[in-house]
Protein chains: 2
Amino acid sequence: MTTAVPAPSSRDLPHPTPGEIRLEGVLHALSDPVRLRIVRELAAEGVPLSCSHFDLPVSKSTTTHHFRVLRESGVIRQNYEGTAKMNGLRRDDLDDLFPGMLDSLLTAATHQAGRHSGA
Amino acid sequence: MTTAVPAPSSRDLPHPTPGEIRLEGVLHALSDPVRLRIVRELAAEGVPLSCSHFDLPVSKSTTTHHFRVLRESGVIRQNYEGTAKMNGLRRDDLDDLFPGMLDSLLTAATHQAGRHSGA
DNA sequence: GCCGTACTACGATGTCTATCGTACGACTCC
DNA sequence: GGAGTCGTACGATAGACATCGTAGTACGGC
């Protein structure tokens with residue numbers, strides 16, 4: 001009756017349901033360069049990545065903070081896997097809520113990155 | 001007796017060039033509910049609107065602030081026309097910089113508004 | 001059991017920002 | 001010119017946020 005859930009790890013993290021995801025929150029989450037970079041990398045890899053995979057120009061505490069903002073805004077899904085915390089883009093949820101938006105944003109980010117580095 | 005020609009008012013406003021528009025700035029500008037609402041209304045009307053056209057739940061000073069944020073981030077273009085200050089979406093610039101993004105965002109906003117009011 | 005790794009929680013801090021009210025400048029109309 | 005309308009500038013304020021360091025917790029390997 002109750003949970004036959006294969007809980008590989010007892011630590012659970014709160015995520016917003018699709019209905020709770022707010023566009024403003026998503027945009028705010030993505031308006032920070034560090035977080036935008038995380039999302040771009042996540043999208044580029046296509047698979048969940050551990051926090052430590054990223055080489056960010058901020059401290060560990062700040063990294064935790066940014067990942068939390070992304071999770072609480074509904075952009076990423078986090079779950080523990082041993083000592084590592086895996087981060088995956090909530091692509092399906094976002095695509096369902098805001099069709100095409102994520103791709104447009106990622107394209108825009110890539111486009112802008114090209115403008116600035118490629119000259 | 002006013003000049004038939006659109007006399008260029010002496011008051012000029014600084015706008016970022018397309019090259020200066022940053023995606024993060026645009027997203028940040030759009031992450032505020034009041035500003036998102038302004039942009040949606042602007043997009044819906046399709047033509048420049050005066051500041052006073054909007055009935056926003058904030059004071060006049062705050063309204064000015066929000067319009068300035070939108071202008072400085074490159075989302076809207078402002079120019080005086082007599083005592084009125086007209087605000088127009090920089091659709092062409094944004095579409096050129098970030099193809100499809102603005103429409104995706106507007107669609108997303110509409111979609112979300114539907115979710116919340118319609119249910 | 002112990003230690004190292006991965007990440008978090010907490011507290012502090014400086015900056016940014018959304019908000020307001022009031023005083024002022026620009027323009028139009030009479 | 002005077003009055004009214006539209007919007008700005010300035011100063012103040014409270015809350016949010018990005019950042020850090022340190023101490024602590026959970027897990028895996030030895």
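Scope of the values below: all heavy atoms of this structure, side chains included, with no hydrogens, waters or symmetry mates. Lettering follows sequence order; numbering is per chain, from 1.
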Item to check | Contact nearer the 5' end of DNA chain D, comparing A:His28 with A:Pro57 | outcome: A:His28
Checklist entry - What nucleotide, of D:dC20, C:dC7, C:dC20, holds the atom closest to the side chain of A:Thr64? => result C:dC7
Checklist entry - With a 4.0 Å cut-off on heavy atoms, is B:Thr63 in touch with a base, just the backbone sugar-phosphate, or nothing at all? => result nothing
Item to check | Phosphate OP1/OP2 of D:dA18: any A:Arg35 side-chain N/O under 4.0 Å | outcome: yes
Item to check | Interatomic distance, B:Phe54 CZ vs D:dG7 C1' [rounded to whole Å] | outcome: 14 Å
Checklist entry - Between C:dC7, C:dA18, D:dG7, which one does the side chain of B:Lys60 approach most closely? => result D:dG7
Checklist entry - Tell me: CE of A:Met86 to P of D:dC27, nearest whole Å? => result 16 Å
Checklist entry - Should A:Arg68 be listed as having a side-chain N or O under 4.0 Å from OP1 or OP2 of C:dC7? => result no
Next on the checklist: For a quick test of reading the model: is some side-chain N or O of B:Thr62 closer than 4.0 Å to OP1 or OP2 of C:dC20?
Outcome noted: yes
Next on the checklist: Does D:dT5 have its OP1 or OP2 closer than 4.0 Å to a side-chain nitrogen or oxygen of B:Ser52?
Outcome noted: no
Checklist entry - Choosing from D:dA18, C:dC7, C:dG21, which nucleotide comes nearest the side chain of A:Val69? => result D:dA18
Item to check | Whole-Å gap separating C1' (D:dC6) and CD (B:Gln78) | outcome: 13 Å
Item to check | side chain to side chain contact (heavy atoms under 4.5 Å, CB included) between B:Leu97 and A:Arg115, worked out | outcome: CA-CA 10 Å; B:Leu97 281 169; A:Arg115 268 199 293 144; 3.5 Å; yes
Item to check | ILVMFWY network linking B:Val69 to B:Val34, side-chain heavy atoms under 4.5 angstrom | outcome: no
Item to check | Spacing of B:His65 atom NE2 relative to C:dA18 atom C1', expressed in whole Å | outcome: 5 Å
Item to check | Atom pair distance, as rounded to whole Å: CG in A:Asn87 and P in C:dA6 | outcome: 14 Å
Next on the checklist: Without decimals, in angstroms, what is the distance between B:Glu24 CD and C:dC16 P?
Outcome noted: 16 Å
Checklist entry - Is it true that A:Asp103 and A:Arg91 have a side-chain N and a carboxylate O under 4.0 angstrom from each other? => result yes
Checklist entry - With respect to the side chain of A:Ser61, which nucleotide from D:dA18, C:dC7, D:dC20 is positioned closest? => result D:dC20
Checklist outcome for this item: Against the side chain of B:Val34, the closest entry in C:dA9, C:dT19, D:dG7 is C:dT19
Checklist entry - Taking 4.0 angstrom as the limit, do B:Arg90 and B:Asp96 come out as a salt bridge? => result no
Checklist outcome for this item: Atom CG of A:Asp32 and atom C1' of D:dT19 are separated, to the nearest Å, by 11 Å
Next on the checklist: At less than 4.0 Å, is any side-chain N or O atom of A:Thr83 found next to OP1 or OP2 of C:dA6? Yes or no.
Outcome noted: no
Next on the checklist: Rounded to whole Å, please give me the gap between CG in B:Asp55 and P in D:dC6.
Outcome noted: 13 Å
Next on the checklist: Using the rule given for side chain to side chain contact (heavy atoms under 4.5 Å, CB included), can you reason through A:Glu20 versus A:His15, listing the C-alpha separation, both sets of side-chain angles and the distance that settles it, and then say yes or no?
Outcome noted: CA-CA 9 Å; A:Glu20 287 168 348; A:His15 288 80; over 6 Å; no
Item to check | Value rounded to 0.5 Å, distance of NE2 in A:His28 from CG in B:Leu30 | outcome: 13.0 Å
Checklist entry - OP1, OP2 of D:dC17 versus side-chain N and O of A:His66: anything below 4.0 Å? => result no
